[in-house]
2 protein chains.
Amino acid sequence: MAITIKDVAKRANVAPSTVSRVIANSPRISQRTKEKVREAMNELGYHPNFNARSLANQSTKTIGLVMPNSANKTFQNPFFPEVIRGISTKAHMLEYGLYLSTGQTEEEIFEEVQHMVQGRRVDGIILLYSRVNDKVISYLYEQNFPFTVIGRPYDARMSNITYVNNDNFKAAKTVTEYLLLLGHERIAFIGGNLDFVVTVDHMEGYERALKNAGIRLRDDYVVFHEEIQEGGQEAVIDLMSLKEPPTAMLVADDMMTFGVLRMLSEMDMKVPDDVSIVSFNNVMISELSAPPMTTVDINIYSLGYEAATCLIEKIMHPAVTPKKVLIPHKLIKRQSCQRQAKKLAPQ
Amino acid sequence: MAITIKDVAKRANVAPSTVSRVIANSPRISQRTKEKVREAMNELGYHPNFNARSLANQSTKTIGLVMPNSANKTFQNPFFPEVIRGISTKAHMLEYGLYLSTGQTEEEIFEEVQHMVQGRRVDGIILLYSRVNDKVISYLYEQNFPFTVIGRPYDARMSNITYVNNDNFKAAKTVTEYLLLLGHERIAFIGGNLDFVVTVDHMEGYERALKNAGIRLRDDYVVFHEEIQEGGQEAVIDLMSLKEPPTAMLVADDMMTFGVLRMLSEMDMKVPDDVSIVSFNNVMISELSAPPMTTVDINIYSLGYEAATCLIEKIMHPAVTPKKVLIPHKLIKRQSCQRQAKKLAPQ
DNA sequence: ATGAAAGCGCTAACAC
DNA sequence: GTGTTAGCGCTTTCAT
């Protein structure tokens, strides 16, 4: 077996507890002993055993990350590496480790979460998504286990949950207003999976803006798609086949926008000449589309960083009152939007 | 505290050791007692404590994932979610958990690896990249700790390391030959960071194909870039400013290709009419570029899946001889390549 | 087939 | 200031 605290203790002629105190840098240990012990540690190449520590401390210093089911393509969205980078930064600063869920289906993920919690494998959990009526959220909530949601819990009854979110309603509303100001009246909405709360918020923002402008909502201008990628393409076909095709579109996610642009170019429709597009997220490659897309930067990194901050705070002070953190968003204007000429009289 | 094995034991009127045997499903326990114990477990809602198990077992059932430094944009490459999905699948099947490195710099990552290893926080490690002269590899090698590399170790002295790789040399060679067959003679190479072994392999494959075809290697046709994204764009500027700009390009990574395409379109160069492009990886969005890119599918998911398979095998049978697994690649022809008209006499 | 008890490596309460 | 010792929750000999 590896070197233990006892080996160090012997080598330094002290008791194991003294070594333990040196590790914790307890002020009750004399400088001399500290040095002696540290020397012994170095000579022996000692490293504390993580599991033993966790067991004795009842604390693992690790955060569980729960992703949506990895089976579908959503997973390949660069959104995730970027949130994780944010979480990672904070975690590293405070010496927390990261533990990843591996489930492929909702059911598998739920079981994993139970294991993490009950098996005390992690000290807290960050949900990297927020789904409507999510079993995982209710479970964590009932167990009173420290957790943070990226996005917002849908169920109003669970008001006292800590979450980090963008104002997705407002973002969608503003963006719709922007298109209206550019003269567009036929604005379509291509949303993501309706199970995700963000989709609901986007849609409501879109509807509100149209209502405020006195523009009739048209069902055939609103589509949702499961798959972030193919979905965008199908939606375009449907929309462009309409008698009155839209002149502008809100697209739920930059990745989807790539699909939309691709399909439009296949149809020989020019962006932004024929159709204007605004989307959401602003991931790394968003500026590399042709044309570069106008999109809402939701500050993914901060979403992660703040989620980690809140969670760790919750872990250290479980009594602290739940927080709702709103991360600011920002419209990044690039070249996928254009002013729309005045509408002709309907045919 | 939570429910322990003792609580279950009391409830079922047996000894703790019996409960433990039931958990392990030991054949030496009578069916009757097993049922009795299982019932008690359910009634109490018992879940084994993970840390206690790990400590007693000297095994954590978790795999450490080491990513390249998350500071730069490389991290946002959809390559990573996809390898992780592969790893994840296998890990989940065999009930292994995933532990993520959080370091931002090479030094931080190295320290983390030391902690993972010495602190027995994981049973084995998968390196998600392979760098030339990597401290981490040498360390793991010296410690004789179970690990697997995705990519190939550069140092020939460490021949007996298990790794999972593509034949990147061959892929680059074939692809160059493909461009040659299309009539291109001025073929540029836009490589990634030269610290990564894959870059070296790509370059050698490219050079070999040109040599075989009797075409002179030109230094000014070969560029490397750190950053996957901006790099592609700068490279294009340099290459297109040459007196004899290339008519075709090999690009190291699909993400980079997005940058390349973007810059070319800004310069009003048409792909594939003016320049042909082939790149590597075939991530999800690769088919969504304009035009859809021709690229080498390296089967990222399998890379991950096999890496996990090898690692777990190594963990369970440490004496097993190291393996080298080659994952097949495949050229996906889309629309970024075109036959080149015969070259005019040089001006 | 089951129980008693030692031990995995560390921490922390209690002694002195 | 430092040592002694009893756990943390589980596994695993060794008895019976």
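Distances were taken from every side-chain heavy atom of B/T4 (C-beta onward) to each of C/dT11, D/dG3, D/dC10; the shortest belongs to D/dC10. Candidate nucleotides D/dT4, D/dG9, C/dC10 were compared by shortest atom distance to the side chain of A/A15, and D/dT4 ranks first. Nearest to the side-chain atoms of B/R21 among the listed nucleotides D/dG7, C/dA4, C/dA13 stands C/dA4. Residue B/S17 places its side chain closer to D/dT12 than to any other of D/dG9, D/dT12, D/dT2.
Nucleotide D/dC8 holds its C1' atom 16 Å from the CD1 atom of B/I3, rounded to whole Å. Atom CG in A/L55 sits about 14 Å away from atom P in D/dG7, given to the nearest Å. In this entry the distance linking CG of B/N13 with C1' of C/dA1 reads 16 Å, nearest Å. One atom, NZ of A/K34, and another, P of D/dT2, lie 10 Å apart when rounded to the nearest Å. Atom CD in A/Q58 sits roughly 11 Å away from atom P in C/dA12 (whole-Å rounding). To the nearest angstrom, C1' of C/dC8 lies 19 Å from NE2 of A/H47. If you measure from atom CZ of B/R53 to atom C1' of C/dG9, you get 19 Å, rounded to the nearest angstrom. Between the CZ atom of A/R121 and the P atom of D/dG9 there is a distance of 18 Å, given to the nearest Å.
Remark: A/T18 is not in phosphate contact with D/dT2, judged by side-chain N or O atoms under 4.0 Å from OP1 or OP2. At D/dG9, none of the side-chain N or O atoms of A/N51 fall inside 4.0 Å of OP1 or OP2 (strictly under the cut-off).
Taking 4.0 Å as the cut-off between side-chain N and carboxylate O, B/E82 and B/R85 count as a salt-bridged pair. Ion pairing of B/E106 with B/R131 is present here, as a side-chain N (NZ or NE/NH1/NH2) and a carboxylate O approach within less than 4.0 Å. In this structure, B/E43 pairs ionically with B/R11, as a charged nitrogen and a carboxylate oxygen lie closer than 4.0 Å. Ion pair B/R38/B/E35 not flagged as a salt bridge, since none of the NZ, NE, NH1 or NH2 atoms sits closer than 4.0 Å to an Asp/Glu carboxylate oxygen.
Across all strands, A/V19 comes closer than 4.0 Å to no nucleic acid atom at all (heavy-atom distances). Within the 4.0 angstrom heavy-atom criterion, no nucleotide atom of any strand lies near B/F50. At a threshold of 4.0 angstrom between heavy atoms, the contacts of B/S30 are confined to the sugar-phosphate backbone, with no base atom among them. Within the 4.0 angstrom heavy-atom criterion, no nucleotide atom of any strand lies near B/S54. Nucleic acid contact class of B/D7 (heavy atoms, under 4.0 Å, all strands): none.
How far OG of B/S54 is from NZ of B/K61: 10.5 Å, rounded to the nearest 0.5 Å. Here the CG-CD1 distance, from A/L94 to A/I312, works out to 4.5 Å after rounding to the nearest 0.5 Å.
The 5' end of DNA chain C is approached more closely, in terms of each residue's nearest nucleotide, by B/A56 than by the other of A/P16 and B/A56.
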Output, in order, the C-alpha distance, side-chain angles, deciding distance and verdict of side chain to side chain donor-acceptor pair (under 3.5 Å) for A/S30 and A/T33.
-> CA-CA 5 Å; A/S30 76; A/T33 348; 2.3 Å; yes

Side chain to side chain contact (heavy atoms under 4.5 Å, CB included) between B/V164 and B/Y305: does it pass, once the steps are laid out?
-> CA-CA 10 Å; B/V164 179; B/Y305 188 90; over 6 Å; no

Criterion side chain to side chain contact (heavy atoms under 4.5 Å, CB included) on B/V66 and B/I125, from CA distance to verdict | CA-CA 7 Å; B/V66 179; B/I125 285 180; 3.8 Å; yes

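In this structure, B/R152 fails the cation-pi test against B/Y163, since its NZ or CZ atom is not both closer than 6.0 Å to the six-membered ring centre and inside 45 degrees of the ring normal.
For the helix from C/dA1-D/dT16 to C/dC16-D/dG1, the rotation axes defined at the first and last 5 base pairs enclose an angle of 40°, given to the nearest 10°.
One can find a donor-acceptor pair under 3.5 Å joining the base of D/dT2 and the side-chain atoms of A/R28.
With 3.5 Å as the limit, one finds no donor-acceptor pair spanning the side chains of B/Y99 and A/T62.
Within residues 311-318 of chain B, no residue is approached by DNA chain D to less than 4.0 Å at the level of any non-hydrogen atom.
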